[in-house]
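What follows is a single structure, written as structure tokens, with notes after it.
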Amino acid sequence: MKKHLATLFGLLIIASMILAACGSKSAAPTEAASGEKVKIRWFVGLGTGTDPEQVTTQEEVVKDFNASQDRIELVLEVVPYDAARDTLSTQIASGAGPDIVGPVGWDGSNGFHGQWLDIAPYLKELNFDSSIFDPALMAFYQTEEGQVGLPFAVFPGGMFYRPDMFDEAGLSYPPQVYGEQYTMPDGSKVDWNWETVTKIAKLLTVDENGKNATEEGFDRTKIVQVGYAPQYQTILGIGTFYGGAAKIYSGDAKGSYQSNVPDSWKEAWKWYYDGMYGAEPFIATGPLATAPEFGNEDVFNAGKSAMALSQTWYTCCLGDLSKSGAQFQIGIQPLGNADGKVHGRIDADTFRILKSSQHPKEAVEVLTYLVTTGGDKLLPVYGAMPAIASKTDAFFEKKSADYAFVTKESWNVFTQGLAYPDTPSAEQYLPNSIKAYARFATFLDLLNNTDNVDFDAEYQKLIDDINVLYNE
Amino acid sequence: MLEELSKFQKPDSIGSVRTLSPIARREMRTGLSFISPWLFGFLAFTLLPMLATLIFSFLDLKITDGIFSAPKFAGFDNYVHLFQDPQAGINPATWFNSKTPGSLLITIKFALIALPIGTFFPLSLALLMNNKHLKGQFAFRTLFYMPYVVPFVASVFLWGGMLNSESGWVNRALEYLGVAHANLPQWANDVNWVYPTYVIMGIWGVGNSMLIMLASLQGVPTELYDAAKVDGASAWKILWNITFPMISPVIFYNLVLDIIGLFQYFLVPLVVNSGTGRPGGATMFYNLYLYKTFFTYQDMSYGSTLAWFLFVIILLITIILFSTSKYWVYYAGESKS
């Protein structure tokens with residue numbers, strides 16, 4: 001019996017060694033013969049684009065492109081979202097990667113860091129006019145890998161607010177034009193920064209006896225409405241909004257990586273924690289936010305928050321709130337307390353080209369078509385706001401049909417927000433990305449759900465762990 | 001005749017199959033064809049993945065590398081890492097000097113709390129249900145069994161809501177009864193309360209175990225009780241000397257399944273505490289860590305190593321349990337040579 005087990009074990013080890021030795025790294029270039037069309041493969045699945053209606057429109061765009069010229073044949077490959085990451089990994093590993101990938105956000109592209117093509121030289125060669133985009137948005141896609149994409153589908157941020165709750169508290173509404181100040185209850189004009197947001201959020205946090213968080217006798221255990229909700233923001237998002245965009249690691253190779261979280265982010269996370277568990281709370285704690293009455297984390301849509309900072313994509317899902325008869329408007333994103341600058345955030349999807357593409361110039365030519373002419377058909381089915389400001393009208397017309405009460409000034413906040421991307425993104429690449437992001441998420445979970453946290457100790461533990469994970 | 005039958009039922013070797021009569025062979029082929037879907041399923045979806053994971057545990061393979069990428073032979077690196085990994089907690093030396101509680105220790109600690117309750121609570125309920133003085137037995141049985149019909153995930157969500165420290169009705173009821181808000185249990189958010197919380201959620205679904213125990217209790221021959229009563233045995237003596245031995249095979253069966261289930265404990269911490277290990281890492285159960293390694297961190301090789309270690313542990317415990325069974329499990333029909 002022992003002999004049989006030893007033989008089996010030996011065979012398994014040999015099998016694993018053979019498997020290790022047999023891996024192939026051969027690439028299969030697909031050179032086009034002279035006179036033949038160059039084939040460009042467009043991979044869809046890492047983000048949106050897999051719904052039947054979207055696939056039909058994408059096929060239409062492919063047909064339009066192929067009919068518009070006779071040098072390039074664009075081929076669409078749609079892979080279901082759940083399998084897309086593995087499929088793309090496999091294709092790249094086997095040397096059969098596609099040319100164009102997208103639409104894909106930062107998060108989806110982080111898994112393929114180092115494999116994206118710098119398209120800047122090709123844009124120059126093709127004389128592409130990038131002035132149609134806000135320069136800040138062009139810079140948004142400049143990473144250490146170069147210009148990795150062009151602005152396409154964007155989701156700028158804004159402060160969603162409930163006018164009725166502001167009226168009830170006797171407060172003026174958040175400003176709707178960047179540069180405008182906020183009028184405090186005493187009539188003084190102040191910057192719309194996080195200090196101001198905090199002050200009015202406390203006044204808008206109400207217990208079941210109608211007392212606000214600053215009043216004597218306020219019962220924090222009986223909160224019925226909070227002043228502020230960082231709606232669906234990650235901990236990196238909270239840091240970016242409050243402390244400003246920052247690259248949060250340094251180093252360029254395993255062994256040299258180090259956490260570089262700025263002090264302003266640490267301050268942001270402390271502020272966030274105090275907002276939940278401090279003396280005058282104004283943010284729902286984890287248990288409260290996950291309670292059914294508070295919408296199972298969808299606090300603003302449940303009508304339980306007076307303000308919520310989120311992106312345009314949140315307009316997808318405010319049906320419960322509008323059906324209840326409540327209305328909302330949108331104010332500008334707050335300024336940093338210290339630097340007085342707008343700390344905006346933009347979530348964005350675009351198309352990228354893999355470095356392994358055999359026909360990079362042709363791939364860039366297709367990409368420019370997709371973000372401009374093709375975008376007219378694609379963006380509506382993706383439900384995304386166009387990055388080209390002059391094309392946003394159709395997007396907001398559709399939104400106005402969903403929420404007739406939202407004013408033009410409110411929608412215009414998002415258009416203005418295009419000038420305030422977070423560069424680098426709050427979804428930036430991190431070394432050992434998956435584990436590092438999971439560790440940050442655990443820290444946020446701890447803050448959300450634990451009273452009396454030794455913040456400094458937990459923060460230090462986070463940084464220590466992150467430093468290990470970066471170099472693992 | 002019986003000897004002939006036993007020969008047919010239990011061939012010693014492949015050679016003895018050849019000695020079977022044509023009818024017996026035909027019956028065997030028919031039998032095999034009937035179980036072939038199961039055999040195929042077992043080979044394709046259990047044995048093959050098991051062997052694959054065993055091979056993966058000797059490689060350095062990540063899902064993100066792609067399945068056609070060259071896997072790197074890692075030898076015993078993953079097993080060495082397993083013994084050094086404080087989160088896995090295999091090495092007892094890391095149990096008490098690591099800042100993060102090890103997943104294996106967490107699982108064992110929880111098992112020590114949950115196992116006795118999970119075994120004796122359904123038994124107690126079954127004894128109650130079996131009591132002839134209990135009125136409305138059928139209604140009670142149905143009521144106790146009903147929660148088992150509710151999908152487990154749904155019941156976990158339900159309990160998550162009921163035990164929500166801010167808005168759950170359990171805390172509201174406690175507050176109504178005069179417990180100060182500051183003294184209310186934080187349930188799944190408190191290191192001291194999180195295991196009792198999980199146990200409470202588990203108890204809700206004991207209907208099935210209770211029913212099995214009840215069926216076993218009802219199978220105990222009544223003449224044994226009658227004889228004991230004639231001899232003047234007390235209720236406790238009857239329970240200890242007749243009931244327990246007679247239902248010990250069922251207790252044993254439940255115990256084995258419970259232990260396996262506890263080492264595979266995963267869904268509740270994933271749903272209730274978002275799989276983060278909160279509070280203070282106390283809910284990063286071994287199987288949850290395995291799941292995260294596989295599907296969140298996408299480290300197939302180390303995930304496979306963790307899975308194989310879990311398999312070995314469960315196997316060892318099961319073997320130990322079976323070896324002790326001869327001392328306390330009574331099989332009425334068993335003949336001992």
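Not measured: the values here are computed from a predicted model. Chain naming here is simple, since letters A, B, ... match the order of the sequence lines and numbering starts at 1 in each.
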Considering only heavy atoms and a distance below 4.5 Å, find which of A:Gly286, A:Ala441, A:Ala291 pairs most often with chain B.
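Ranked by heavy-atom pairs under 4.5 Å with chain B, first place is A:Ala291.
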Between A:Asp451, A:Thr221, A:Thr290, A:Leu288, which has the largest tally of heavy atom pairs under 4.5 Å with chain B?
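Highest number of pairs under 4.5 Å: A:Thr221.
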Got more than 12 heavy atoms from elsewhere within 6.0 Å of NZ, A:Lys254?
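Result for NZ/A:Lys254: open.
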Looking at B:Tyr195, I'd like to know if its OH atom is crowded, meaning that more than 12 non-hydrogen atoms belonging to other residues, nucleotides or ligands lie closer than 6.0 Å.
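Yes - once you tally the heavy atoms of other residues, nucleotides and ligands closer than 6.0 Å, there are more than 12.
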Examine whether an atom of A:Thr87 lies under 4.5 Å from a heavy atom of chain B, and if so say whether it belongs to the side chain, the backbone or both; otherwise answer neither.
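Neither part.
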Return the [atom1] to [atom2] distance between [X] and [Y], rounded to the nearest 0.5 Å.
| X | Y | atom1 | atom2 | value |
| --- | --- | --- | --- | --- |
| B:Asn273 | A:Thr442 | CG | OG1 | 11.5 Å |
| A:Asn448 | B:Ser274 | CG | OG | 9.0 Å |
| A:Asn296 | B:Phe157 | CG | CZ | 8.5 Å |
| A:Lys435 | B:Thr293 | NZ | OG1 | 6.5 Å |

Top of B:Lys292, B:Glu175, B:His181 for chain A proximity - count of heavy-atom pairs under 4.5 angstrom:
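Between B:Lys292, B:Glu175, B:His181, the count favours B:His181.
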Between B:Asn164 and A:Pro287 (side chain of the first, backbone of the second, donor and acceptor by atom type, cut-off under 3.5 Å), is there such a pair?
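Confirmed, B:Asn164 side chain pairs with A:Pro287 backbone.
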May I ask you to say whether B:Arg278 pairs ionically with A:Glu458, meaning some side-chain N is under 4.0 Å from a carboxylate O?
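Here B:Arg278 does not pair with A:Glu458 in a salt bridge, since their nearest N and O are not under 4.0 Å apart.
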Would you call B:Glu166 and A:Lys222 a salt bridge, using N to O less than 4.0 angstrom?
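Looking at A:Lys222 together with B:Glu166, the answer is no, because their closest N to O distance does not fall below 4.0 Å.
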What are the two closest non-hydrogen atoms of A:Asp445 and B:Thr276, and how far apart are they?
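So the minimum-distance heavy-atom pair works out to OD2-OG1, 2.9 Å.
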Contacting region of B:Gln186 [heavy-atom separation from chain A under 4.5 Å]
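For B:Gln186, no heavy atom lies under 4.5 Å from chain A.
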